[in-house]
Peer 1: 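I'd like to ask you about the structure that follows.
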Amino acid sequence: GGYIQGGPYHSQSIEGVLAHIPGLKVVYPSNALDAKRLLKAAVQDPNPVIFLEHKGLYRQCAFSSRFESSASDMVPIGKANVVKEGSDITVISYAMMTSMAYEVIESMQGFSVDLIDLRTIVPLDTKTILDSVRKTGRCLILQEAQGFGGFGGEIASIVGENAFEYLDAPVVRLSSKHLPVPFGKNLEESVLVEKKSIREAIERLLSF
C-alpha cells in the first residue's frame, strides 16, 4: 500500500491479483488487533493463506485503539466486521481505507453509516455486505488499488446481481487513479484516494 512515499515498487495494491488465483485465501486487516487475531487463524488454516499488511498502518494507532484486546481471541477467516452501524448508506472497505473512512465518517453529522471492514478478501463475506446494502439502499466501495480491474468491481457486481431491487442509488466505487504510485508526496496524494474524496463520494450518494 501507499501513503508512505514508497514509490511505484513499494506502494502497489496487489490484493486483486491474488484474489484471482484459485485456492488462495487472502487476508488484509485494517488494525493491529485484527492482524494478530487473523494471523492466528491463518497459521491454523490448512490452506495457503496470503496475509497482507499495509505498511502505512504500522504508523497509525488511533484507529486500532478503539478495539479491545484479548490474547485468546481469533477471528475466523471470511468474516467481515461492522465497525459502525447505520441505516443511510453502506461503506465497504478494507486495510487503510477502513481507518480513513472511519475518520471521515466521525467528522460528518446528520446521517448514519454502516461501515464494513472486510478483513478477508477471499473468502468474501457476501452475507454481511448484502444484508447491509438491503438495509441502507446505498453502497460505496472504497479501495486503495486502481479502479480498473480492481477487487472493488467484484463487490459491485455481487451487489448489483443480488441486491439491485433494494438500491436507491447506483453502486459507487472510489479508488486510486490508474497510474503507478509516484514517490513524491504531492504526486502520491494526487493519485491515491484522499479523505476529501471519500467525504465527497458519501455526500453525492446521500443526495442522489
Side-chain angles (χ1 to χ4, degrees), residues 1-21 24-39 42 48-67 75 77 80-81 83 91-107 115-124 140-157 171-202:
Y3 304 99
I4 58 167
Q5 291 81 65
Y9 305 109
H10 299 282
S11 300
Q12 298 301 318
S13 296
I14 60 172
E15 68 276 2
V17 176
L18 296 168
H20 193 66
I21 302 174
L24 294 182
K25 293 185 177 181
V26 183
V27 175
Y28 206 172
S30 68
N31 60 86
L33 180 58
D34 276 354
K36 180 187 74 173
R37 299 188 295 189
L38 284 164
L39 187 58
V49 179
I50 305 296
F51 196 95
L52 301 175
E53 294 181 342
H54 195 295
K55 295 186 293 293
L57 290 175
Y58 291 158
R59 308 177 184 184
Q60 294 189 2
C61 60
F63 182 66
S64 292
S65 64
R66 67 178 300 275
F67 296 95
V75 174
I77 293 177
N81 179 36
V83 179
V91 177
I92 302 169
S93 60
Y94 53 93
M96 177 69 87
M97 290 294 98
T98 300
S99 60
M100 289 181 64
Y102 182 81
E103 291 181 27
V104 170
I105 292 166
E106 285 288 279
S107 69
L115 175 57
I116 298 175
D117 178 12
L118 294 180
R119 297 197 290 205
T120 304
I121 304 300
V122 181
L124 181 66
L140 172 63
I141 301 165
L142 300 178
Q143 67 173 46
E144 181 184 330
Q146 293 85 356
F148 188 83
F151 187 74
E154 183 67 24
I155 301 172
S157 176
V171 177
V172 173
R173 178 180 50 165
L174 181 62
S175 58
S176 297
K177 296 176 182 176
H178 193 59
L179 295 167
V181 181
F183 178 81
K185 189 175 189 302
N186 291 339
L187 291 173
E188 184 188 58
E189 290 175 350
S190 70
V191 170
L192 298 178
V193 175
E194 296 180 293
K195 293 177 185 178
K196 178 183 177 182
S197 59
I198 295 175
R199 175 187 289 269
E200 291 172 348
I202 291 174

Peer 1: What heavy-atom pair brings A145 and S13 nearest, and what distance separates the two atoms?
Peer 2: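 Answer, listing the atom of A145 first, then S13: CB-CB, 3.5 Å.
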Peer 1: Using only atom types and a distance under 3.5 Å, with no angle test, would you say the side chain of E144 pairs donor to acceptor with the backbone of V193?
Peer 2: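 No; zero donor-acceptor contacts below 3.5 Å.
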Peer 1: Show your working on side chain to side chain contact (heavy atoms under 4.5 Å, CB included) between V75 and D34 and close with a plain yes or no.
Peer 2: CA-CA 7 Å; V75 174; D34 276 354; 4.1 Å; yes
Peer 1: Show the nearest heavy-atom pair for residues I77 and P123, with the distance to one decimal.
Peer 2: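 Closest pair (atom of I77, atom of P123, distance): CG2-CD, 3.8 Å.
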Peer 1: Please assess S107 against K195 for the test side chain to side chain contact (heavy atoms under 4.5 Å, CB included), listing each intermediate value before the final yes or no.
Peer 2: CA-CA 11 Å; S107 69; K195 293 177 185 178; over 6 Å; no
Peer 1: What are the two closest non-hydrogen atoms of P29 and F51, and how far apart are they?
Peer 2: CG-CZ, 4.0 Å
Peer 1: If you measure from CG on L39 to CD on E53, what distance do you get to the nearest 0.5 Å?
Peer 2: 7.5 Å
Peer 1: Let me see the working for L52 and I121 under side chain to side chain contact (heavy atoms under 4.5 Å, CB included), right down to the final yes or no.
Peer 2: CA-CA 10 Å; L52 301 175; I121 304 300; 5.8 Å; no
Peer 1: Kindly write out the residues that satisfy ring pair (Phe, Tyr, Trp, His ring centres under 6.0 Å) with H178, not counting sequence neighbours, or none if the list is empty.
Peer 2: F148
Peer 1: Distance check, rounded to the nearest 0.5 Å: I198 atom CD1 versus M97 atom CE?
Peer 2: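 Rounded to the nearest 0.5 Å, the CD1-CE separation comes out at 5.5 Å.
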Peer 1: So, for Q12 and Q146, which heavy atoms are closest and what is the spacing to 0.1 Å?
Peer 2: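 Closest approach of Q12 to Q146, heavy atoms only: OE1-NE2, 4.0 Å.
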Peer 1: In Å and rounded to the nearest 0.5 Å, what is the CG to CG distance from L115 to N81?
Peer 2: 8.5 Å
Peer 1: For I116, is there any backbone N or O sitting under 3.5 Å from a side-chain donor or acceptor partner on S93?
Peer 2: yes
Peer 1: Search all heavy atoms of L18 against all heavy atoms of L24 and return the closest pair with its distance.
Peer 2: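 Between these two residues, the closest heavy atoms are O-CD1, 4.1 Å.
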Peer 1: Can you name the ring pair (Phe, Tyr, Trp, His ring centres under 6.0 Å) partners of Y9, sequence neighbours left out?
Peer 2: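 Listed in chain order: nothing, the list is empty.
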Peer 1: Drop me the distance from M100's CE to T98's OG1, to the nearest 0.5 angstrom.
Peer 2: 11.0 Å
Peer 1: Side chains of R119 and V27, heavy atoms from C-beta outward: is any pair under 4.5 Å?
Peer 2: no
Peer 1: What's the spacing between S11 OG and K55 NZ if we round to 0.5 Å?
Peer 2: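 Reported value, rounded in 0.5 Å steps: 5.5 Å.
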Peer 1: Check A101 against L142 and note the closest heavy-atom contact, atom names and distance.
Peer 2: CB-CD1, 3.6 Å
Peer 1: Working to the nearest 0.5 angstrom, can you tell me the gap between N186 CG and Q5 CD?
Peer 2: 9.0 Å
Peer 1: Side chain to side chain contact (heavy atoms under 4.5 Å, CB included) for V26 and F151? Distances and angles first, verdict last.
Peer 2: CA-CA 12 Å; V26 183; F151 187 74; over 6 Å; no
Peer 1: Output yes when a side-chain donor or acceptor of S157 lies under 3.5 Å from a complementary backbone atom of G153, and no otherwise.
Peer 2: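 The answer is no, because no donor-acceptor pair under 3.5 Å joins these two groups.
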Peer 1: I'd like to check L118 versus I155 (side-chain heavy atoms, cut-off strictly below 4.5 Å). Are they in contact?
Peer 2: yes
Peer 1: In chain order, what residues pass the ring pair (Phe, Tyr, Trp, His ring centres under 6.0 Å) check against Y28, with sequence neighbours excluded?
Peer 2: Y94
